Amino acid sequence: MRKLCLATASAAALLIGSGPAFADMEAARRWLDSEFQPSTLSKEEQLKELEWFVNAAKPFAGMEINVVSETITTHEYESKVLAKAFSEITGIKLRHDLIQEGDVVEKIQTQMQSGKNIYDAWINDSDLIGTHFRYKQAVPLSDWMTGEGKDVTLATLDVDDFIGKSFTTGPDGKLYQLPDQQFANLYWFRYDWFQRADLKQKFKAKYGYDLGVPVNWSAYEDIAEFFTNDVKEIDGVKVYGHMDYGKKDPSLGWRFTDAWLSMAGNGDRGIPNGKPVDEWGVRMEGCRPVGSSVERGGDTNGPAAVYSIAKYVEWLKKYAPPQAAGMTFSESGPVPAQGNVAQQIFWYTAFTADMVKPGLPVVNADGTPKWRMAPSPHGSYWKDGMKLGYQDAGSWTLLKSTPLERRKAAWLYAQFTMSKTVSLKKSHVGLTFIRESDIWDKSFTERAPKLGGLIEFYRSPARVQWTPTGVNIPDYPKLAQLWWQNIGDASSGAKTPQAAMDALAAAQDSVLERLEKSGVQGECGPKLNKKEKPEFWFAKSEKDGNIAPQRKLANEKPKGETIDYDVLIKSWPANPPKKAAMK
């Protein structure tokens, strides 16, 4: 859960509608013409949707509704623009708070535990799907939309158009959340530098293969070494072959729970998450988590996980700017745009909007980027069919502790922010796609050359290997906080990667054990395996045809492999889905 905090302010909110409250089709027409273009709908279809909102909101006119999300560009647009539009069109006074992601998690946990209504609706990460499914505090939206919330559910919401609905579906097949924004962590690199004939010649002479998009971590490491220690300077500026961050801070945990271990080859095959072992190293039997440590059949402290941490520490120390080790996520984010970094293996596409601003050292005079994004390289333990990266899905969530009428009014706003009337424009502002129809719209075909591969990635079949934390994690708030504390010891040098991951695995097992003893999560709560020697689990995974936990490889650095970027994107099919008809 990457938890982007792109703004330094802890909160930014708008309370809309201090004057008289009334629903207004004239306001709808005004907003449609001035703001809600482009759209995948015709203006007539947009007006039909907006008229539905006007009528559905009449019983709630004058109510003051409070919702919350983390602070990213997409949600700033919702808070400043869509909340205002919704209030003027429906007569419902809407306050959309923006706070840090860690605060969102803390507050939703407080509401679930206390039963006190803090917010009427939440945009919180789909990483909490396992938590919501087990604690039964979230309203299953699939039940809501056909039951209590049917009268306030938009007929043209078109849930099947959402690209992330599988991320927010529980093991029971019910939809618990609906994505409001999505973005992936990908590989970022200086395309202009990689195209230089002199650098390509020098790289091939040294390594025996072409400079290009790295397919594996061996190539990424070679490229990092090359730019840092061989190229050293470009146009008189010191350059680095890698960028990352290492401060012992909550954001360090997201750096790893966001699928870093699976990129290395931790866990098993399976999309959206490995089975029976996922990318956190947690083993499942049915819907029950049964262990995190290797001695319980997990993989959090297995060879693949330790390798992933060792490479992270090594690259940070050898190839990143010296100040990177003392940076948090938000501090490190803007560094590649400054123009002295050759590549970054772990880069979030939510930064795209800030990376294409005119005048930046990484943007050409014509507005095209000097950089590109591409699928992430994989580590030496990775196998075909495994998850390859993380995709964030900040998703609308309703809690049972919210009074019914307030929940209905908030659900109207939630749908408004996701509706086809506004979603394409919102996608252009924040570049965090939720709908297939928006991704394939001609407006993004036209804009694609200035977005560095973002559109090509989201139109490609590759994107299905980028998925959020799955249903295996039974209590995200409790477990996620263990990561930065333990991996921070490896980052700082206080512990070896093995010792740090041993401590993390033991801490996760301890939380799972407490949940098991409490019985609060019922038949899908944790039930720990008994401890066995690692050899028992290595042999079992081999016998069963699974991967995790894997034995340590004799060679963790096979030969580097790259692919030419232009060849890569041409290999992706471009077959848009059929346009869904308005109902």
Side-chain angles (χ1 to χ4, degrees), residues 1-7 9-13 66-72 74-75 79 96-139 164 167-168 170 176-183 185 248-259 280 282 328-330 348 350 390-402 414 468-488 507-508 511 514-515 520-521:
M1 192 163 74
R2 91 278 56 107
K3 306 330 127 221
L4 281 173
C5 297
L6 302 184
S10 62
N66 304 305
V67 305
V68 70
S69 68
E70 64 173 311
T71 304
I72 64 171
T74 297
H75 299 321
S79 178
H96 185 149
D97 281 353
L98 302 176
I99 62 178
Q100 293 187 15
E101 175 60 24
D103 292 333
V104 176
V105 174
E106 181 182 339
K107 287 181 182 294
I108 197 170
Q109 186 179 30
T110 299
Q111 181 162 331
M112 289 192 295
Q113 291 174 345
S114 69
K116 180 182 178 181
N117 191 53
I118 301 173
Y119 285 102
D120 301 309
W122 306 73
I123 300 177
N124 79 293
D125 276 5
S126 70
D127 295 333
L128 276 80
I129 180 63
T131 307
H132 292 319
F133 161 70
R134 290 180 177 84
Y135 281 116
K136 307 300 181 187
Q137 296 297 311
V139 177
F167 306 153
T168 56
Y176 282 83
Q177 304 167 277
L178 199 55
D180 176 83
Q181 49 85 0
Q182 285 181 229
F183 55 88
N185 62 12
K248 194 172 183 180
D249 169 86
S251 66
L252 189 64
W254 317 325
R255 168 68 178 77
F256 295 93
T257 58
D258 287 4
W280 284 42
V282 174
T328 63
F329 171 83
S330 57
Y348 288 96
Y390 175 84
Q391 191 161 178
D392 181 272
S395 306
W396 281 105
T397 308
L398 303 177
L399 295 183
K400 294 177 180 178
S401 52
T402 300
T469 299
V471 296
N472 295 10
I473 307 306
D475 193 318
Y476 186 96
K478 286 187 175 71
L479 291 167
Q481 65 182 341
L482 303 175
W483 285 67
W484 71 272
Q485 297 166 358
N486 287 284
I487 293 178
Q508 289 203 137
V511 170
R514 290 199 300 273
L515 289 172
V520 69
Q521 295 188 335

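Quick caveat: nothing in here was measured; it's all calculated off a predicted structure.
Tested against D127, the residues W254, Y390, F167 include a single side chain to side chain contact (heavy atoms under 4.5 Å, CB included) partner, Y390.
Pairing each heavy atom of A138 with each of K400, the nearest pair is O-CE, 3.6 Å. Heavy atoms only, all atoms of each residue included: W396 and A414 are closest at CD2-CB, 3.4 Å. Annotation for L479 and P474: closest pair CD1-CD, 3.7 Å, computed over non-hydrogen atoms. Nearest heavy atom pair, residue I123 against residue G394, reads CG2-C, 3.6 Å. Here the shortest heavy-atom pairing between A121 and L398 reads CB-CD2, 3.8 Å. Taking each heavy atom of A507 and N486 in turn, the nearest pair found is CB-ND2, 4.4 Å.
Separating the CG atom in L399 from the OH atom in Y119 is a distance of 13.0 Å, to the nearest 0.5 Å. Interatomic distance, I99 CD1 to T71 OG1, rounded to the nearest 0.5 Å: 8.0 Å. Here the straight-line distance linking atom CG of D392 with atom CZ of F183 works out to 4.0 Å at 0.5 Å rounding. Rounding to the nearest 0.5 angstrom, the gap separating the CG atom in D125 from the OG1 atom in T469 is 8.5 Å. Residue I118 holds its CD1 atom at 5.5 Å from CD of Q111, rounded to the nearest 0.5 Å. Y135 OH to Q113 CD: the interatomic distance, rounded to the nearest 0.5 Å, is 7.5 Å.
Checking side-chain atoms of R134 against main-chain N and O of V520 turns up no donor-acceptor pair under 3.5 Å. Not a single donor-acceptor pair under 3.5 Å links the side chain of Q109 to the backbone N or O of P477. Side chain of T110 to main chain of E106: a donor-acceptor pair is present (N/O by atom type, distance under 3.5 Å, no hydrogens or angles). Between the side chain of T131 and the backbone N or O of Y476, at least one donor-acceptor pair lies under 3.5 Å. No side-chain donor-acceptor contact under 3.5 Å links Q521 to the backbone of L515. When atom types are taken as modelled, the side chain of N66 and the backbone of D120 share no donor-acceptor pair closer than 3.5 angstrom.
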- prompt: Run the side-chain contact (heavy atoms from CB on, under 4.5 Å) check on D180 and H75 step by step: do they pass?
  reply: CA-CA 9 Å; D180 176 83; H75 299 321; 3.1 Å; yes

task: Could you walk me through whether N124 and H132 pass the side-chain contact (heavy atoms from CB on, under 4.5 Å) test, one step at a time?
output: CA-CA 11 Å; N124 79 293; H132 292 319; 3.2 Å; yes

- request: Begin from the C-alpha positions of N117 and T402 and carry the test side chain to side chain donor-acceptor pair (under 3.5 Å) through to its verdict.
  value: CA-CA 5 Å; N117 191 53; T402 300; 2.6 Å; yes

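Donor-acceptor pairing under 3.5 Å is recorded for the side chains of W483 and Q508. Between the side chains of S126 and Q177, not a single donor N or O lies within less than 3.5 Å of an accepting N or O.
For W484, there are no side-chain hydrogen bond (donor to acceptor under 3.5 Å, both in side chains) partners two or more places apart in sequence or in a different chain.
Contact annotation: the side chain of I72 approaches that of Q181 to within less than 4.5 Å [non-hydrogen atoms, C-beta and beyond]. Between W280 and I473 the shortest side-chain heavy-atom distance falls below 4.5 Å.
Annotation: cation-pi geometry satisfied between K136 and F133 (NZ/CZ under 6.0 angstrom from ring centroid, within 45° of ring axis).
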